[in-house]
There are 2 protein chains.
Amino acid sequence: MTTIKDVAHHAEVSVATVSRVINRNGYVNEDTRKKVEAAVDLLNYKPNSVARSLFKKQSKTIGIIVPDITNPYFPELVRGVEDYLIQKGFTTILCNSDEDPEKERLYLDVMKQKYVDGAIIVSNTIERDLIAEYDMPVVALDRSIHQDIPTFAIDNRSGGRKAAEHLLEVGCTRIGHIKGPDKVENSDNRYLGYIDVIKQQDWFLSSYVVEGNFDQKEAAKVTKELLQSHPEIDGIFAGNDVMALGALKAAESLNLNVPEDLAIIGFDGIDLTEMTKPELSTLSQPIYQMSREAAEALTALIEGKMVKEKENVFPSTLIKRQSTKR
Amino acid sequence: MTTIKDVAHHAEVSVATVSRVINRNGYVNEDTRKKVEAAVDLLNYKPNSVARSLFKKQSKTIGIIVPDITNPYFPELVRGVEDYLIQKGFTTILCNSDEDPEKERLYLDVMKQKYVDGAIIVSNTIERDLIAEYDMPVVALDRSIHQDIPTFAIDNRSGGRKAAEHLLEVGCTRIGHIKGPDKVENSDNRYLGYIDVIKQQDWFLSSYVVEGNFDQKEAAKVTKELLQSHPEIDGIFAGNDVMALGALKAAESLNLNVPEDLAIIGFDGIDLTEMTKPELSTLSQPIYQMSREAAEALTALIEGKMVKEKENVFPSTLIKRQSTKR
DNA sequence: CTGTTAGCGCCTTCAA
DNA sequence: TTGAAGGCGCTAACAG
């Protein structure tokens with residue numbers, strides 16, 4: 001590895017001068033600049049970012065904490081972040097928390113020790129006070145953490161409403177909901193959106209709502225039970241696409257045709273929804289866009305700019321596909 | 001951030017002593033050790049890894065280069081790597097190369113500058129000579145780079161054979177193949193496996209093989225064409241699961257029933273294959289296991305241990321599901 | 001416009 | 001068994 005000293009030697013100047021030209025700050029004579037640049041090229045010099053970090057107390061790297069990259073919602077999210085950051089000169093560290101506060105803390109510790117410049121966090125469990133301990137710029141993605149922390153998330157409630165309304169529009173007369181876990185804002189708000197429109201229906205029963213834990217298998221199980229105890233249900237709004245898939249499986253196992261006997265709509269808009277048969281209607285999130293903007297906000301924060309909008313809510317858009325076509 | 005100096009002050013010893021206790025090397029009196037440890041706890045001292053890196057010229061972080069985390073094959077791969085490494089005290093940097101040599105080079109540059117300890121690379125295009133320039137431990141995952149570089153990959157050819165054999169076993173009489181891109185070892189070898197068993201069939205025609213570029217849409221298109229020009233085909237082996245999905249779509253658009261009219265089998269064993277209807281048969285790769293072992297080998301390399309096996313070939317296992325049941 | 005120097009926080013000889 | 005000091009590579013005063 002060639003160092004700034006080597007370059008200085010070669011160009012017959014001091015390291016300070018070399019530093020000046022590579023950082024383009026401070027005055028430096030045109031000729032000596034050329035000499036230095038020549039030496040840099042010749043030696044293929046690349047500044048050592050570790051030394052730089054030590055001095056500047058920042059590392060041009062950020063961490064992203066997601067529950068599990070293996071969950072189909074997250075790869076695109078991470079990609080949006082990484083794409084933006086690399087092009088801004090940042091490198092991104094991937095952290096899989098499994099929603100375990102223990103692990104979240106561990107990752108935060110590591111980040112702090114490495115002078116990570118900031119973090120993008122997807123978490124239900126993390127506390128604002130914990131984050132405050134680390135004293136680094138943080139942005140919340142997909143779910144909020146605290147009103148003080150800039151958040152980038154979807155408008156769940158209006159999405160839930162759109163889903164229920166769509167089901168009504170295509171002629172469903174009894175609509176059930178497969179809800180995500182309780183006390184999780186994403187699932188609670190989607191549920192509330194559903195309630196907003198369904199509560200006016202005289203047929204509504206609270207037993208039309210069951211809990212699927214955002215999990216395909218669990219959703220398949222509870223949907224089957226729901227459909228067995230309420231055979232009159234002809235439309236289902238699942239709290240996310242993965243559960244919609246479970247619902248599809250359940251319908252299949254009961255020999256119900258989708259969409260003829262049962263219309264199904266999901267939430268998220270992951271690629272998977274295009275791969276099923278029938279293809280799934282869903283409320284699509286601008287995942288890439290959202291994560292990109294979160295990354296943008298984080299870099300702004302890092303550069304000391306105040307972020308004006310704390311609360312960045314994105315609209316979901318209804319994608320009508322075969323599973324609700326009738 | 002509290003530093004080693006603070007601790008030294010508090011414990012009324014020199015920084016050298018503190019360093020000795022936190023690194024457990026060199027002699028240190030039992031009593032002074034206790035004093036130091038108390039101070040460490042009290043101040044909640046965490047050594048600054050950047051300073052450490054500068055001195056040691058290593059950073060306890062590794063980079064993983066994958067084409068695109070958004071491709072459903074990679075999240076599990078990355079997870080396997082990250083899981084192993086975090087527990088060994090390493091942090092992992094995610095890099096999406098899009099198979100672009102330019103980007104690969106960029107990422108490698110960044111890694112070098114950050115004293116990254118090693119890299120796990122998934123790439124078809126990268127050259128051994130390029131890697132040699134960077135002089136860091138490297139392990140190849142999913143596809144080989146060069147015989148000098150430890151590789152962790154699936155036995156594609158025998159997998160291809162198993163796929164073709166299975167199709168024969170379930171009674172297919174004309175079997176087509178949707179191949180991945182040319183000159184890419186994974187697709188070429190899967191194709192060769194198919195050829196190994198199919199070439200003995202007197203009905204075999206080279207036009208039974210078409211190219212789907214490992215892409216769902218492309219695969220759907222070429223499969224449709226294949227099926228139209230060769231309606232006698234009643235079995236398809238797709239070079240990966242994503243293309244198998246495309247084939248499924250093609251069958252659907254042609255009103256062919258799977259598996260009755262057309263049996264389909266994929267390759268990889270990604271979760272998606274369980275989510276389609278019918279569920280897809282496939283040759284499943286031990287993705288998690290493979291990536292974990294790759295990570296293990298990389299850490300061994302980093303610790304200066306020689307890795308005995310350069311070539312680590314994993315078997316694929318046949319998963320029979322509805323798409324080939326008849 | 002350029003060079004000297006003092007750190008950034010840590011580790012490791014070298015003496016004591 | 002412990003401390004002093006130099007240095008990892010770079011940057012930012014401060015002089016000149």
Side-chain angles (χ1 to χ4, degrees), chain A residues 1-40 43-61 89 109-117 135-136, chain B residues 1-37 39-40 43-61 89 109-117 135:
Chain A
M1 202 75 192
T2 104
T3 78
I4 199 174
K5 241 180 183 164
D6 301 330
V7 177
H9 257 123
H10 238 83
E12 299 176 300
V13 296
S14 74
V15 294
T17 304
V18 177
S19 177
R20 283 190 195 97
V21 352
I22 62 182
N23 294 304
R24 323 186 172 296
N25 73 357
Y27 298 95
V28 35
N29 181 305
E30 200 46 39
D31 284 350
T32 79
R33 141 165 296 123
K34 290 223 173 90
K35 265 199 306 188
V36 172
E37 277 166 352
V40 166
L43 301 177
N44 188 26
Y45 168 70
K46 301 265 191 330
N48 178 325
S49 6
V50 175
R52 230 176 221 179
S53 293
L54 183 58
F55 184 88
K56 297 227 182 181
K57 296 186 186 315
Q58 43 165 308
S59 58
K60 281 286 188 178
T61 104
D109 278 346
V110 173
M111 287 185 203
K112 187 76 184 177
Q113 289 184 61
K114 295 203 170 171
Y115 279 154
V116 156
D117 299 332
D135 182 39
M136 58 167 86
Chain B
M1 202 74 191
T2 106
T3 78
I4 199 173
K5 241 180 184 167
D6 302 329
V7 177
H9 256 120
H10 239 84
E12 299 176 298
V13 296
S14 73
V15 293
T17 305
V18 177
S19 177
R20 283 190 194 100
V21 352
I22 62 181
N23 294 305
R24 325 186 170 296
N25 71 357
Y27 297 96
V28 36
N29 182 305
E30 199 45 39
D31 285 349
T32 78
R33 140 166 296 124
K34 292 225 172 88
K35 265 198 305 186
V36 171
E37 277 165 352
V40 165
L43 302 176
N44 187 26
Y45 168 70
K46 302 263 190 333
N48 177 323
S49 1
V50 175
R52 224 174 224 181
S53 291
L54 183 59
F55 184 88
K56 297 229 182 181
K57 294 183 185 318
Q58 43 165 303
S59 58
K60 281 287 188 177
T61 106
D109 278 347
V110 174
M111 287 186 205
K112 187 75 184 179
Q113 290 182 62
K114 295 203 171 172
Y115 280 155
V116 156
D117 298 332
D135 183 38

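All values below come from the heavy atoms of this structure, side chains included, with hydrogens, waters and symmetry mates left out.
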Between [options], which one does the side chain of [X] approach most closely?
X: Leu54(A); options: dT11(D), dC8(C), dT12(C); answer: dC8(C)
X: Tyr27(B); options: dT1(D), dC8(D), dG3(C); answer: dT1(D)
X: Ser14(B); options: dA4(D), dT11(D), dG3(C); answer: dA4(D)
X: Val28(A); options: dC10(C), dT13(C), dT2(C); answer: dT2(C)
X: Ala51(B); options: dG9(C), dA12(D), dC1(C); answer: dG9(C)
X: Ala16(A); options: dG3(D), dG3(C), dT12(C); answer: dG3(C)
X: Phe55(B); options: dC11(C), dG9(D), dT2(D); answer: dC11(C)
X: Asn48(B); options: dG3(D), dT11(D), dG9(C); answer: dG9(C)
X: Val15(A); options: dC11(C), dT5(C), dC10(D); answer: dT5(C)

* Do side-chain atoms of Ser59(A) reach the backbone of Ser53(A) as a donor and acceptor pair under 3.5 angstrom? ->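 It does not hold such a pair.
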So, does [X] get its side chain near the phosphate of [N], meaning an N or O under 4.0 Å from OP1 or OP2?
X: Arg52(B); N: dG9(C); value: no
X: Thr3(B); N: dC8(C); value: no
X: Tyr115(A); N: dC10(C); value: no
X: Lys57(A); N: dT11(D); value: no

* Locate the shortest heavy-atom distance separating Asp117(B) from Gln58(B); write the atom from each residue and the value. =>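 Result for this residue pair: OD1-CB, 2.9 Å.
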Within this structure, what is the [atom1]-to-[atom2] distance between [X] and [N], rounded to whole angstrom?
X: Lys46(A); N: dC10(D); atom1: NZ; atom2: P; value: 13 Å
X: Arg20(B); N: dT12(C); atom1: CZ; atom2: P; value: 10 Å
X: Arg33(B); N: dT1(D); atom1: CZ; atom2: C1'; value: 12 Å
X: Lys112(A); N: dG9(C); atom1: NZ; atom2: P; value: 12 Å
X: Arg24(A); N: dA12(D); atom1: CZ; atom2: P; value: 15 Å
X: Lys5(A); N: dC10(D); atom1: NZ; atom2: C1'; value: 11 Å
X: Ile4(B); N: dT2(D); atom1: CD1; atom2: P; value: 15 Å
X: His9(B); N: dA4(D); atom1: NE2; atom2: P; value: 11 Å

* **Lys/Arg N to Asp/Glu carboxylate O, Glu30(B) vs Arg33(B), below 4.0 Å** =>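 Yes, Glu30(B) and Arg33(B) are salt-bridged.
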Need one value for [X]: base, sugar-phosphate or nothing, where a base atom within 4.0 Å counts as base even if backbone is also close, heavy atoms only.
X: Thr17(B); value: sugar-phosphate
X: Ser49(A); value: nothing
X: Val13(A); value: sugar-phosphate
X: Ser53(A); value: nothing

* Asked: Of Glu12(B) and Lys56(A), whose closest DNA chain D nucleotide lies nearer the 5' terminus?
  ->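 The answer here is Glu12(B).
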* Among Val28(A), Asn23(A), Ile4(A), Thr32(A), which residue meets the side chain to side chain contact (heavy atoms under 4.5 Å, CB included) test with Val18(A)? ->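 Among the candidates, only Ile4(A) passes.
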* **Reported CG-to-CZ distance for the pair Leu54(B) and Arg52(A), which is rounded to 0.5 angstrom** =>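 Going from CG on Leu54(B) over to CZ on Arg52(A), the span is 13.0 Å.
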* Taking the side chain as C-beta and beyond, is there a heavy-atom pair between Asp109(A) and Lys46(B) under 4.5 Å? ->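 Answer yes - side chains close enough.
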